[in-house]
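Below, read A as the first sequence line, B as the second, and so on, with proteins coming before strands; counting in each chain starts at 1.
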Amino acid sequence: MNAPVTQESQDRYTVLDRPPWRLRDALLRWEVILVILLVLTVVVNSLVSDVFLDVYNLADATSNFSEMAIIALAMALLILVRDIDLSVAAIVALASMSIGYAAAAGWSPAMLFVVGIGVGLLCGAFNGALVTWFRLPSIVVTIGTMSLFRGLTQVILGDQALTKYPQPFLDLGQNYFIQMTETSVPWLFVPPVPLSFLIFLILAVVFGIVLHTTAVGRKLFAIGSNPIAARFSGIPVDRLRFFLFVLSGIMSGLAGALLTARLGSMRSNIAIGWELDIVTMVILGGVSIAGGVGSILGVFLAVLVLGLVRFGMSINNIPGQVVSVYIGALLIAVISIPRIFEKLRGWRAGR
Amino acid sequence: MPDPVLTLTGVSKSFPGVRALHDVSLSLTPGRVTALIGENGAGKSTIVKILTGIYRPDAGEIRVKGEARHFASPRDAWAAGIAAIHQETVMFDELTVAENIFMGHMPVGPTGAVDWAGMRARSADLLNRIDAPIPPAFPLKRLSVAQKHLVEIARALSHDAQVVIMDEPTAALSANEIDDLFRIVAQLKAEGHAIVFISHKFDEIFRIADDFVCLRDGEKVGDGPIASVNEAQLVRMMVGRPVDQVFPKREVPIGDVVLSVKNLSNATEYADVSFDLRKGEILGLYGLVGAGRTEAMQGLFGITPMTRGTVTLEGRRLSIGSPSDAIRAGISYVPEDRQDQGAILSLGIRENITLANLGKYVRGLFLSRALEMTETRRLGRRLAVKAANWEQRLAELSGGNQQKVVIAKWLATRPKVIVLDEPTKGIDIGSKAAVHDFIGELAGDGLAVVLISSELPEVMGLADRLIVMKEGRMVEEFQRGRWSAEEIVGAATGARKEAA
Amino acid sequence: RAAGNRRIAMIVKNLGNSYFDACANGAKQAAGEIGGIDIIYTASAKPTAEDQIAVIDAQIAQKVDGIIVSANDADALVPVGKKAAQRGIKVMSFDSAIAPAGRLVHLSASSTPLIGAKQVQMIAKTLGGKGEVAILSAASTMTNQNSWIEAMKEEWKKPEYKDMPLVATVYGDDQDDKSYREMQGLIKSHPNLKGVISPTTIGIRSGAKAIVDGDLVGKVFITGLGLPSEMKDYVLKGACDTFAIWNPVEYGYSSTFIMNDILNGKPTSEGSKLSMGKKGETTVGKDGECIMGEPFVFDKSNVEEFAKIF
Amino acid sequence: MTALLKSRELILALILAIAVAAIGAYDSVFVQWQNISDMLTETSVLFMMALAQMVVILTRGIDLSVAANLALSGFVAALVSQYYPDVPLVLMIATGVAVGLLLGMINGGLIAILGIPPIVVTLGTLAVYRGMIIILAGGDQVNASEMGVEFQAFPKQAFLGLTTPIWIAIGVTILFWLFLNLTRTGRGFYAVGGNPVAARYCGISQGWQEFLAYSIAGAVSGLCGYLWVARYGVAYSEIASGYELTVIAACVIGGVSIGGGVGTVAGTVLGALFLGIVNTALPVLQISPFWQMAIAGAVILAAVVINARAERRPDKLILPEARRLGRTSRAMRRAGT
Ligand SMILES: Nc1ncnc2c1ncn2[C@@H]1O[C@H](COP(=O)(O)OP(=O)(O)OP(=O)(O)O)[C@@H](O)[C@H]1O
Ligand SMILES: Nc1ncnc2c1ncn2[C@@H]1O[C@H](COP(=O)(O)OP(=O)(O)OP(=O)(O)O)[C@@H](O)[C@H]1O
Ligand SMILES: [Mg+2]
Ligand SMILES: [Mg+2]
């Protein structure tokens, strides 16, 4: 019978457990490119400017991008599953406004964070519901809600600013959460860390672990690679996507609270234009816009690269728009590197 | 014998890490059908793609009517008189039938503007030639699969090619449509075309082919007139060892009713589908393509939830709203559409196989790669998946090997009931035997199986019982041993009822 | 830069704006007169508080001696202003103020009530005190525009304007196309509209263009705060009778002199006097507010001459 | 083609007509010829930009750099007018178009040759192009008085009651229609976006089609850059900032599918008209300026939801009774005759 057939077929092919390790593959890994870029950024900046490697300066620099970076973590997951949320900055505005009114009503700092996160959650749920119930492309929905959310902020706030916040709330955003502590060893010290950067670090670790080591993370990769097959595999695709929009809303609300505490004031144009900066962080982090590819480590590194490049250029008094030119060129250049290598290899092989 | 219209000499082609073809030569003669056979991943489709200018060979030469040619793009191949129906669907859902036929070589008028009227007229002619009265202005997305297939054939004919290549054209067709296709092939042959025909179904090959070329692991291992070999010899050539050709039916004790389906219906696709399924039983589901078998079973699986009817599993009423409900209850479904619904091409083999019940591989909070690997190796070896390593992305596997991984994924869920929708579509003969053996073994272990297949020998060989569907309804039920191929096909086409 | 020079950063709302470029030129002129001063002229890519804070942080990191800011948001810049003060950096604002807690002094080009009143007076003079008037402002979030509008409304309460009602306030967001559309909208929705006040250089130039393009010269007039170089054509064509502005070159110049005094340790308490170079002296008022002078009014007679300067 | 396919455009046209009628009934100013002419003039740039964007989206791409491109090429055209006032107007416009084309070709090259995802490339070039204006001019702007008289007068001239931008928009629209419907290359965009693998098998070069799409988008942005700068009489780095999203919104409202391969000239024109009406009607209707953005957002959402409803595919009609009732067979018969 055919028992021997199958017996034989077990040994027909040798299939390795994993691909053989090759230096070239390792070097062309996205994260490695980013690490090299990060080291380069630090080295060049500290050579060019003597104020770059100063813990206080670096701490201040982190506070300027940490709120965006927190949102970028959620955006990375959304882009991973082939969605995008362009309304994040508008959600920041709506959340920040709610916090402003709650603060005026005398709510406690903890409650202000709850309010911000709650409003973000609602906005995210609205996006998620439109995207999953009506099966609309998320880029379209969130272009619409971007106008809608910020528009609502303008309707309610008009030309007013909200400027009254409890001092403990402001301290959270404006003081270092961890103070500089030196030890007897000169190079061993606890640097000053702003709350927003600390939260970003913790969240990055949590997001990284969830995405790369748990079943939920694997499911997100599957959805990003092939949403239909993922659904056929029993993955609740729409529920997870909905949840990711909610998560993006929550992160935006949290970022809104941190930003409001840092500014101590909010107007309807708060965080305007952040969405494209955040998408830039995620894409430079190696998350593929086509879905299914990406890592949190990459996003983390990209956040640092972008933040430090920006900071390094501004301490050399390069104006904002010119910095944007460099960042735009950097984005394209870095994304091109592996492709150019591939092409070169292809040409060489072709010859 | 007339001169060959096309010869291929010493062709090789490698992909990163894979040698797909090595020093392959073959020649095609006008008025003859050449069957290209080989296991999954043997390199058949690669030859097709080289002949149609999609891949460039690393080495070797293509001669058309004795003249050396280089194909930089499909246009060059068309110009040389070569047209193909590819293994993948190559269609534009949002465009019209006529545009689908002429995309890439639309007729233009004297001003250079596309001649829509001429294009429609020529499309209508082509479609009439193959007895397919589909209006050329009709949007393709509203056609059935079989109709789309006819459009693909019309497209191949639209080039006025001397060489027509068909890469597994029958994989998605049922008996009647295959007959229609063969009629067209015979007609083309009579008109003097050279035809390349790729299939894993030996009955078809012996029915239609004049010559054969056999590939194994990218090398040619034999060729000649088909009359000079028998099936067993061909198989040995292909696999490199003898394979038992008949689908052996394992006799297993049939147990109690596991699944009971009553009046499964939805609004537009299927109505009143009822059956009882017992432990160890294999229930065949037969019908023409488009009969609604897939839809009914997807309804059971929660893809497009049913609107009426009841499903009882082991005495418990189920309400299934989504695939995850079905999987949790113990029902698995291997989809027919591998590319869209089955395989996750950019993930690796391991990640695909473990996807449908990830919970099983979780230790504490995290996935355990070791557990995943054990299961992957076990199932992968069992189904003879050919790959470089278990982390290889599915996109890099041949179609048949992808299908094996998809089946492995569903077996990994250890279901009580498994629905296999065209499970051996596009699978080579050796692996097919392995799959069949596996299905039998599953039944032996007490699993209940629903087998949807458009391949009559397969269902007749494996099923204990057979339900025939037509236009969304069950029309007849047969018991093993009390059926004949004529009766079954008659029920599926409706001829039987009219006769009665 | 020469070693030992003092560094003063002038941080404005956005780049590519000729008004601020003129301010920076003034600052450099002052630096030349004083000697030993380097001017760093910079801005963020977007005119928002968040981006401006990042730029100020970079200046703090460089430990510049003084920072002169035109603020994108009065309150949001207070924390970063305080941080600069803690690290020994002197902060003042000009053009658009930081709230008092975040800086030492603010140099207004002119007093807010005066700027508001001036614009109402200009349109009243053009229209002879009769006819509907509307306001075409910048973004609704801009502090200085909003405070001028408040001041205008205060002036409007006077009886002499009773035949000149304010019918609408619209916002062109300091974008030319939006301002242009808003202007067209105003003209259509208020058929009896006679005058428009636009307290922003982008609004006034787009509004004037809409008047000229719509063949409404003589029927609708615009006034407000504009730059002579941008307004010259429209004044000559008659879309705009008079408009006002302070000299931005002088504005940057004066600010730099004041910062120099502060760096030299001059007190900034109420009543103290600070130098504005050849523009004279200014007296620090309540909350550290200083005033440079009166806005300068332009019309057909002088616009061409000043258009060459700014 | 079939009436079924056109239904989306029909719905949109109907909504538009109702909206115009309702606004006109509320305030007759809105339907006066002058206002309609102004509105069309204002919207003409959006028409052209949306059509060009549609071609890009058809190939499954997106071009976020169009507004930055418009600003940069408009700026260069203005510089030419400022420093070489004697150059004939045609050449000045050609300069704008040429610069736009070049910038579009850079996008297209990066996307088609290196295969970098369009959103990445254009996100990068968006920043680069806008920043180039600052670098190019050291922060200066070009004012109305510095540009040539003829340069600025051209967009205001009217023939037969319509201004030149409207005529140009009509011409460009017709060109696009002819190009997309009557040329092989035009149909190629649909093929590449509808099924890239299939397009490759049909001998259509995805790279070439993409390169062409971004080049077209660039050239149109250049043309619009001139019109914008000449119309508003000023050129500097911030003009049309954020306009890319308006352009994309117009496409989406017009039924262009972000997934590629679906979209018509008529739909896109209607989408642009729709946004144009919203943008110009709100100021005329004296709706509080603070409400405008919220209303625009709500309108976009409503439009896409309605679009999605109209587009929803009917289920497969396997049951004979369903097929009898269904639209498929009826449409099939109609198309057959
Ligand atoms: N694009 C590709 N990249 C890498 N490897 C490839 C690629 N295409 C094919 N291969 C490999 O080349 C070999 C031949 O594949 P091919 O598709 O020709 O097989 P086939 O004979 O058509 O098989 P099937 O019967 O399953 O269709 C396989 O090992 C496959 O994994
Ligand atoms: N009219 C149609 N419109 C859109 N997609 C279709 C249509 N017909 C078939 N398809 C697609 O083709 C696939 C196969 O459908 P097919 O026609 O074989 O029907 P089926 O019900 O699966 O046939 P069977 O009952 O024989 O399994 C389906 O998954 C479906 O996505
Ligand atoms: Mg194949
Ligand atoms: Mg089927």
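- Only the backbone of Asn266(B) comes within less than 4.5 Å of a heavy atom of chain D; no side-chain atom from C-beta onward does.
- Arg293(B) and Ser454(B) are linked by a side-chain donor-acceptor pair at a separation below 3.5 angstrom, with hydrogens and angles left out of the test.
- Put simply, of His105(B), Met91(B), Arg155(B), the one with the most heavy-atom pairs under 4.5 Å next to chain D is Met91(B).
- Side-chain N or O atoms of Tyr55(B) include none that pairs as donor or acceptor with a backbone N or O of Ile47(B) at under 3.5 Å.
- Using the six-membered ring where Trp is involved, Trp208(D) and Phe211(D) have ring planes that are parallel, under 30° apart on the 30 and 60° scheme.
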Glu336(B) and Thr294(B): side-chain hydrogen bond (donor to acceptor under 3.5 Å, both in side chains), yes or no, with the steps?
CA-CA 8 Å; Glu336(B) 65 177 335; Thr294(B) 298; 3.0 Å; yes
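- Ranking Gly193(D), Gly261(D), Ala199(D), Ala191(D) against chain B, the residue ahead of the rest is Ala191(D), based on heavy-atom pairs under 4.5 Å.
- The candidate with the highest count of non-hydrogen atom pairs below 4.5 Å against chain D, out of Gly104(B), Pro74(B), Ala72(B), is Pro74(B).
- With a 4.5 angstrom heavy-atom cutoff, Met106(B) touches chain D via backbone and side-chain atoms both.
- One side chain, Asp167(B) or Ser45(B), offers a donor N or O that lies under 3.5 Å from an acceptor on the other.
- Within the 4.5 angstrom heavy-atom criterion, only side-chain atoms of Leu95(B), from C-beta onward, approach chain D.
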